[in-house]
Amino acid sequence: MRRLLVTGGAGFIGSNFIRYWVNHHPDDRVVNFDALTYAGNLENLCDIESVAGYRFVHGDIADRSDVERLLEEEGIDTVVNFAAESHVDRSILGSDAFIKTNVLGTFDLLEAAKYVWKDFSPAQRFLHVSTDEVYGSLAPDEPAFTETRGYAPNSPYSASKAASDHLVRAYHQTYGMSVLTTNCSNNYGPYQFPEKLIPLVLLNALEGKPIPVYGDGMNVRDWLYVEDHCRGIDDVINDGKPGQVYNIGGENEWHNIDIVNLICDRLDQLQPGAASYRDQITFVKDRPGHDRRYAIDSGKMRDELGWTPAHDFTSGIERTIQWYLDNRDWCERVRSGEYRQYYREQYGQSSA
Ligand code: NAD
Ligand code: DAU
């Protein structure tokens with residue numbers, strides 16, 4: 001039986017992970033520790049809030065004494081760190097919160113675990129959830145990122161995640177903490193905040209707004225259904241080797257414009273309007289420092305841990321589109337005043 005502290009458990013991947021974990025490991029203790037920023041929403045977990053063994057605690061990973069108290073009180077043996085500022089565009093508009101949470105917050109979390117765990121036992125594990133963006137950008141014909149690829153982050157977001165990855169690695173090398181790092185590609189699925197490409201396209205299409213595509217739309221991302229990411233993290237927690245890095249990806253590369261067209265075409269079938277949703281596609285100014293292509297080589301996950309994605313893109317995107325159609329009220333509620341202000345700043349007054 002494990003006793004988990006899941007940081008950032010009220011966000012997109014964290015809430016999917018907690019739901020996955022309580023369903024697959026019903027005897028475990030799961031403490032969700034989340035600051036409830038604009039991206040954190042307890043409604044994401046309303047179906048499991050009364051599950052025995054689950055507890056939510058409101059707090060900031062950068063508040064070291066709060067984290068230490070919780071680690072002691074709950075006898076935590078496994079930390080899973082999802083807590084982060086996660087949106088590249090926001091990091092370009094202003095990166096303070098990214099440095100505070102992603103870099104300093106991860107440092108405080110490591111320090112708290114070091115202080116409370118003292119003499120590390122092999123059962124105590126600190127899993128840090130990171131991103132493929134730390135590796136930078138791939139040329140069209142380059143092989144996918146392996147775990148030995150050098151770091152070359154290009155946005156304040158990816159630089160902050162890279163910094164946190166280095167700290168996590170150092171706590172293994174220096175102090176012998178059983179750390180594990182996962183670097184994952186783009187996730188999609190239910191509960192993703194509508195600032196990210198797939199839900200933004202879906203909602204703008206349905207609301208008759210312009211669908212903003214950056215640059216020429218030919219940037220490539222490697223998409224993974226969120227539940228497959230959660231299962232990969234489970235495998236790494238249980239069977240990963242301390243100090244190791246594991247790349248998790250969908251081996252499912254798409255040009256942005258092809259995903260946007262696919263979503264528009266599916267909506268044309270499910271909710272036909274007077275004109276095709278493709279007519280709303282608007283090419284806009286490119287994201288500064290926009291990485292051209294990401295692709296993850298998941299060979300180590302497959303060979304060492306037997307992990308492969310269970311969901312193909314056709315079924316995953318279908319489930320995702322259907323979830324957003326069925327949960328329009330959720331979308332409305334999470335798009336608070338703060339989000340509307342961000343949207344105007346990012347896309348301009350006229351498109352808000
Ligand atoms: P998200 O923005 O949806 O959720 C982040 C969560 O962290 C929110 O619940 C927020 O309230 C919480 N949080 C933020 N600052 C905090 C703090 N100081 N203390 C405690 N909680 C705090 O993010 P996501 O998309 O679910 O990503 C989760 C993690 O996975 C991040 O670390 C991200 O870098 C990583 N990741 C994301 C993707 C992706 O495609 N979304 C892919 C690879 C890796
Ligand atoms: O690769 C993993 C990363 O994936 C995670 O580490 C990040 O937390 C997550 O946000 C995501 O980053 P991206 O920048 O790849 O995701 P986003 O959904 O913001 O954008 C996906 C692609 O779509 C990217 O090439 C930019 C483009 N895009 C995005 C938006 C929001 C547009 O063309 N128009 C848009 O309006």
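Note: hydrogens, waters and symmetry copies are ignored here, and every other heavy atom, side chains too, is used. Both counts, for ligands and for their atoms, begin at 1 and track the order of listing.
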S276 versus D268, side-chain donor and acceptor atoms under 3.5 Å: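 On atom types as modelled, these side chains qualify, holding a pair under 3.5 Å.
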Flag for N204-Y347: side-chain donor and acceptor within less than 3.5 Å: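 Their side chains do not contain a donor-acceptor pair, so the 3.5 Å distance test is not met.
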G105 near ligand 1 by a heavy-atom separation under 4.0 Å: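 No.
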Test item, T7 contacting ligand 1 (heavy atom, 4.0 angstrom):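 Contact absent.
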Considering only heavy atoms, which of [options] lies nearest to [atom]?
| atom | options | answer |
| --- | --- | --- |
| atom 5 (C) of ligand 1 | A84, C184, G9, S164 | A84 |
| atom 15 (O) of ligand 2 | M218, H290, R221, H87 | R221 |
| atom 21 (N) of ligand 1 | G189, A97, A35 | A35 |
| atom 4 (O) of ligand 1 | G11, G249, A62 | G11 |
| atom 29 (C) of ligand 2 | Y214, Y343, W223, Y294 | Y214 |

Short N-O contact, [X] and [Y], less than 4.0 angstrom:
| X | Y | value |
| --- | --- | --- |
| E43 | R333 | yes |
| K241 | E147 | no |
| D216 | R292 | yes |
| E74 | R2 | no |
| R149 | E142 | yes |
| R90 | E338 | yes |

For [atom], closest protein heavy-atom neighbour:
| atom | result |
| --- | --- |
| atom 27 (C) of ligand 2 | N256 ND2, 3.4 Å |
| atom 40 (O) of ligand 1 | N187 N, 2.9 Å |
| atom 7 (C) of ligand 2 | S86 O, 3.4 Å |
| atom 23 (O) of ligand 1 | S86 OG, 3.2 Å |
| atom 44 (C) of ligand 1 | S130 O, 3.1 Å |
| atom 38 (C) of ligand 1 | I13 CD1, 3.6 Å |
| atom 5 (C) of ligand 2 | Y157 OH, 3.6 Å |
| atom 36 (O) of ligand 2 | Y347 OH, 2.6 Å |
| atom 1 (O) of ligand 2 | D132 OD1, 2.5 Å |
| atom 4 (O) of ligand 2 | N186 ND2, 3.1 Å |
| atom 21 (C) of ligand 2 | L197 CB, 3.8 Å |
| atom 35 (C) of ligand 1 | V129 CG1, 4.0 Å |

Output the list of atoms in ligand 2 that are nearer than 4.0 Å to some heavy atom of [X], sorted by atom number.
| X | answer |
| --- | --- |
| E195 | 31 (C) |
| T131 | 1 (O), 2 (C), 3 (C), 5 (C), 6 (O) |
| P212 | 32 (C), 33 (O), 34 (N), 35 (C), 36 (O) |
| V213 | 33 (O) |
| K196 | 10 (O), 18 (O) |

Below 3.5 Å, N or O to N or O, backbone or side chain included: is there any such pair between [X] and ligand 1?
| X | value |
| --- | --- |
| D60 | yes |
| Y157 | yes |
| F82 | yes |
| H229 | no |
| T37 | yes |
| T101 | yes |

Minimum side-chain heavy-atom gap K196-S86 below 4.5 Å: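 Yes. Closest side-chain heavy atoms under 4.5 Å.
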Test item: W307 and S298 side chains (from C-beta on) under 4.5 Å apart, heavy atoms: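 Contact flag for W307/S298 side chains = yes.
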Parallel, tilted or perpendicular: ring planes of F82 versus F17, cut at 30 and 60 degrees: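 The arrangement is tilted - the two ring planes meet at 30° to 60°.
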Within the 4.0 Å heavy-atom shell around [X], which atoms of ligand 1 are there?
| X | value |
| --- | --- |
| G8 | 6 (C), 7 (O), 9 (O), 12 (C) |
| K161 | 31 (C), 32 (O), 33 (C), 34 (O) |
| G59 | 19 (N), 20 (C) |
| A83 | 7 (O), 20 (C), 21 (N), 22 (C) |
| G40 | 8 (C), 9 (O), 11 (O) |
| S185 | 42 (C), 43 (C) |
| N186 | 40 (O) |
| L36 | 11 (O) |

Aromatic ring proximity, centroids under 6.0 angstrom, F126 and Y171: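 Centroid separation for Y171 and F126: 6.0 Å or greater.
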Within the 6.0 Å centroid threshold, strictly below: F313 and W254: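 When the ring centroids of F313 and W254 are compared, they turn out to be within the sub-6.0 Å range.
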Min N/O separation C184 to ligand 2 under 3.5 Å: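 Between C184 and ligand 2, no N or O pair is found under 3.5 Å apart.
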Heteroatom distance test (R287, ligand 2): nitrogen or oxygen, under 3.5 angstrom: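 There is such a contact, yes.
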More than 12 heavy atoms from other groups under 6.0 Å of CD on E72: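 It does: E72 CD has more than 12 such atoms within range.
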Residue pair V79 / I76: nearest heavy atoms and the distance that separates them: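 In this case the closest contact between V79 and I76 is CG2-CG2, 4.2 Å.
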Test ring-ring contact (aromatic ring centres under 6.0 Å, His included) applied to F193 and Y324, Y339, F12, W330, the passing residue: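 The single option meeting the ring-ring contact (aromatic ring centres under 6.0 Å, His included) with F193 is Y339.
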Location of contacts on E133 toward ligand 2, heavy atoms closer than 4.0 Å: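 Only the side chain of E133 comes within reach of ligand 2.
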L200 and ligand 2 - part of the residue with a heavy-atom distance under 4.0 Å: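 Near ligand 2, L200 shows its side chain, while the N, CA, C and O stay back.
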side-chain hydrogen bond (donor to acceptor under 3.5 Å, both in side chains) between H128 and T106, intermediate numbers included: CA-CA 9 Å; H128 177 61; T106 302; 4.7 Å; no
Main-chain N/O of I99 paired to T101 side chain as donor or acceptor, under 3.5 Å: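 Side chain of T101 to backbone of I99, a donor-acceptor pair under 3.5 Å: no, none is there.
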K118 to Y115 six-membered ring, cation-pi geometry met (6.0 Å, 45°):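 Yes - K118 lies over the ring of Y115, closer than 6.0 Å to its centre and within 45° of its axis.
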